[in-house]
Structures are given as structure tokens and as C-alpha cells.
Amino acid sequence: MRFKFLLLTLLLCHCNQDSAPKVDQIIEKSILSHGVNQFKNIHLTFDFRDYSYSLKRDKTKTVYSRSTQRGNTIVKDVLINSKVLQRTINTIPEILSDSLKRVYSESLNSVMYFFQLPHVLKDNAVIKKHLGSTLIKGQPYYSVKITFSEDGGGIDFQDQFHYWIHQSKFTIDYFAYNYQTSGGGTRFREAINRRKIDDILFQDYNNFKPKQRFVALDSLPHLFENGKLSKVSLIENKNITIH
């Protein structure tokens, strides 16, 4: 009798594991929910703070660019396949040191990474792990941990992310990350101002930080709900146009 009970328990556990979505399925459903599967082949522009950005992607290459005007001077950065950066000033190429190329590339890549969520969660360098379920403000979320392999993960491959993906809508309502550059730190973002443009879901974010520079990422939803995070900025993308 005891053996039959243990066998039934094991079978039920096995069935529950089989019925739970796999991490790849969660991310794929999130990509479809956001409509960013269209990012495989797209040309769009948007404004973020003092810069105008452009994203162009087709089967052969991905081109990020941004430009800003400072008086009568127009500064433009173009990054091809996240590797080759060229800066021009009033259309004249500028010779940059390797360190400056790295700084400008990091800055441009960072903005584009967050703008393209969750499309970028399928990149080859991404290491995904399903951490289970979490309640935030009474809503159920899948908690997904993202890290990066050193090969292809860029100079920020040591950064860690947690994404909280709604269990029925499959939207990314919250995410958090630890970063190492510029002294490092922890950030927690809350999605706001959702709107659809050509069936693609775009959203802005309230950007928060904890009192300590580094905290465990899985503790941030609790700190957020209890008002223990301070808002440091608004991440707002304006004038989004799909060409």
C-alpha cells in the first residue's frame, strides 16, 4: 500500500512538471504577445532623451544608429552587427580610440537591448532558467533568470537579469538586473504607458534602485511592493515610427 502511494505521488509530480511551461516556451509566448517577432526584419525609429535612434534589421545584418544635434553640430553613431562602430560629426568620419569605440558601443547597445525586449532573449549567448512562480501585486508571474555566455555575450556578459512574465498575458511587466560597469548596481523596472503600433507592443518604464548597491534580484518584487525602492529615472521612448 505504501509503495502504491509513493508511486502515485511520483506520477503526479511528473505530470505537474510536464504541464508546467518550459522556459523557452515562456519566452516564445512573450515574444508573440509583444509582437516583437516582427523585429526579425524591421526598420523603425524612436527618440530617447537627447538622441534619435534607428533600428534596421534584415537577414544579413543589424544596424543600430543614433544622432543628436549640439548647436550646429550633428553627431551620429552607427553600429553594425554590434561590432563595428563609426562616429561622424557633420557627416565627416571621426577617428576614435578603441576605448571610446567601446564606450559608445556599450551605450548604444544598452538602449537598443532594452527597447527590443523580449526579442533579444532568444540571442545565442543567452542562458535561460525558469525560477518558478511569483506573485506581484496579486498577479501571477513566471520568474525567468537570464545570464550570458562569455562567448558572444559582450563585455557585459557577467550582468544578470530577472524577468517577471505574466502567466496569462505573457507580457514583461517587471524586470531587474545587476550590472558591473561604472561601479555597478541593481535596478528594478516597472512597465508603464503600454501602446500598440502596427501590432507591436511598446512600453516605457519606471526605473528604481534599492538602498544597497547590490541586492538579490529575487528580493526586488517584495521591496517594490513595500515601497522600499526609490525611483531614479523614467525610461521613455517617444515618436516611435515603423517604416
Side-chain angles (χ1 to χ4, degrees), residues 13-42 55 57 59 62 64 81-83 106 109-137 139-181 184-191 194 200-203 205 207-208 210 214-224 235:
C13 290
H14 179 71
C15 290
N16 287 337
Q17 290 175 355
D18 287 345
S19 63
K22 308 300 183 185
V23 66
D24 287 332
Q25 294 173 325
I26 294 171
I27 289 174
E28 191 63 42
K29 288 183 178 181
S30 183
I31 287 171
L32 292 174
S33 178
H34 283 258
V36 293
N37 52 312
Q38 298 182 53
F39 280 10
K40 293 177 182 177
N41 189 351
I42 198 168
L55 164 63
R57 180 184 285 114
K59 293 180 180 179
T62 299
Y64 300 157
N81 291 336
S82 297
K83 295 178 181 179
E106 286 175 28
N109 261 323
S110 177
V111 172
M112 286 302 194
Y113 178 88
F114 292 122
F115 182 80
Q116 294 180 82
L117 286 171
H119 175 80
V120 289
L121 300 186
K122 290 185 68 176
D123 287 354
N124 292 332
V126 170
I127 302 169
K128 306 175 286 287
K129 184 178 181 180
H130 185 195
L131 300 179
S133 297
T134 302
L135 282 177
I136 305 177
K137 292 188 174 181
Q139 293 293 309
Y141 290 91
Y142 297 118
S143 181
V144 174
K145 178 182 178 180
I146 297 291
T147 54
F148 304 91
S149 62
E150 186 173 359
D151 182 16
I155 63 173
D156 298 328
F157 74 93
Q158 293 177 313
D159 293 353
Q160 296 185 13
F161 289 75
H162 280 196
Y163 293 90
W164 290 278
I165 300 173
H166 198 279
Q167 290 190 7
S168 61
K169 299 176 184 177
F170 288 94
T171 52
I172 294 178
D173 295 355
Y174 308 95
F175 70 90
Y177 58 97
N178 284 328
Y179 64 97
Q180 305 300 320
T181 55
T186 302
R187 293 292 184 267
F188 178 86
R189 292 192 182 183
E190 172 196 25
R194 283 204 175 100
I200 300 176
L201 183 64
F202 296 97
Q203 53 194 31
Y205 300 94
N207 191 26
F208 299 89
F214 291 103
V215 300
L217 295 182
D218 57 7
S219 71
L220 287 164
H222 175 75
L223 295 175
F224 171 69
I235 309 300

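Fair warning: this is a prediction, and the values are worked out from it, not measured in the lab.
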Check the pair Phe170 / Tyr142 against side-chain contact (heavy atoms from CB on, under 4.5 Å), numbers first and verdict last.
CA-CA 9 Å; Phe170 288 94; Tyr142 297 118; 3.8 Å; yes
Evaluate the criterion side-chain contact (heavy atoms from CB on, under 4.5 Å) for residue pair Glu190 and Lys137; output intermediate values, then yes/no.
CA-CA 12 Å; Glu190 172 196 25; Lys137 292 188 174 181; 4.0 Å; yes
Hey, mind stepping through Ile165 and Thr171 against side-chain contact (heavy atoms from CB on, under 4.5 Å) and telling me if it holds?
CA-CA 5 Å; Ile165 300 173; Thr171 52; over 6 Å; no
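Partners of Tyr205 according to the ring-ring contact (aromatic ring centres under 6.0 Å, His included) rule, which considers only residues two or more places apart in sequence or in another chain, are Phe175. For Val111, the side-chain contact (heavy atoms from CB on, under 4.5 Å) partners are Phe46, Phe48, Tyr53, not counting sequence neighbours. Residues passing the side chain to side chain donor-acceptor pair (under 3.5 Å) test with Thr186, sequence neighbours excluded: Asn178. In terms of the side chain to side chain donor-acceptor pair (under 3.5 Å) criterion, residue partners of Tyr163 (sequence neighbours excluded) are, by chain and number, Tyr113. Residues satisfying the side-chain contact (heavy atoms from CB on, under 4.5 Å) criterion with Lys129, sequence neighbours excluded, are Leu131, Lys145. Residues passing the side-chain contact (heavy atoms from CB on, under 4.5 Å) test with Asp123, sequence neighbours excluded: Val120, Val126. With sequence neighbours left out, Gln116 forms a side chain to side chain donor-acceptor pair (under 3.5 Å) with Arg57, Tyr64. Checked against ring-ring contact (aromatic ring centres under 6.0 Å, His included), Tyr141 has the following partners two or more places apart in sequence or in another chain: His166, Tyr174. With sequence neighbours left out, the side-chain contact (heavy atoms from CB on, under 4.5 Å) criterion links Leu135 to Pro140. For Gln167, the side chain to side chain donor-acceptor pair (under 3.5 Å) partners are Ser133, not counting sequence neighbours.
From Ile26, atom CD1 reaches atom NZ of Lys128 across 11.5 Å, with rounding to the nearest 0.5 Å. For the atom pair CG of Leu217 and OG of Ser219, the computed distance is 7.5 Å after rounding to the nearest 0.5 Å. To the nearest 0.5 Å, atoms OG1 (Thr134) and CG (Leu220) are separated by 11.5 Å. Going from atom CG of Leu55 over to atom NE2 of His119 covers 8.5 Å, rounded to the nearest 0.5 Å. Rounding to the nearest 0.5 Å places CG of Asp159 at 10.5 Å from OG1 of Thr147. Taking CD of Gln25 as the reference point, atom OG of Ser30 lies at 13.5 Å (rounded to 0.5 Å).
Among all heavy-atom pairs drawn from Trp164 and Pro221, the shortest one is CZ2-CG, 3.4 Å. When all heavy atoms of Val215 and Pro210 are compared, the pair lying nearest together is CG2-CG, 3.8 Å. Closest heavy-atom contact between Phe188 and Ala176: CD1-CB, 4.0 Å. Minimum heavy-atom separation, Phe214 to Tyr179: CE2-O, 3.5 Å. Closest approach of Pro118 to His34, counting heavy atoms only: CD-CG, 3.5 Å.
Taking the six-membered ring where tryptophan is involved, the planes of Phe202 and Phe39 are tilted, since the angle between them lies from 30° to 60°.
Counting only residues at least two apart or on different chains, the salt bridge (Lys or Arg N to Asp or Glu O under 4.0 Å) pairs with a member in residues 26-35 are Glu28-Lys122. Note on residues 166-180: pairs passing salt bridge (Lys or Arg N to Asp or Glu O under 4.0 Å), not counting sequence neighbours, are Asp173-Arg194.
With Gln180 contributing its side chain and Gly185 its backbone, the two residues share no donor-acceptor pair below 3.5 Å. At least one donor-acceptor pair under 3.5 Å links the side chain of Asn81 to the backbone N or O of Thr62.
No side-chain heavy atom of Ile127 sits under 4.5 Å from any side-chain heavy atom of Ile146. With contacts defined as side-chain heavy-atom distances shorter than 4.5 Å, the pair Ile200/Ile42 qualifies.
Remark: Arg189 fails to qualify as a cation-pi partner of Tyr177 under the 6.0 Å distance and 45° angle criteria applied to the six-membered ring.
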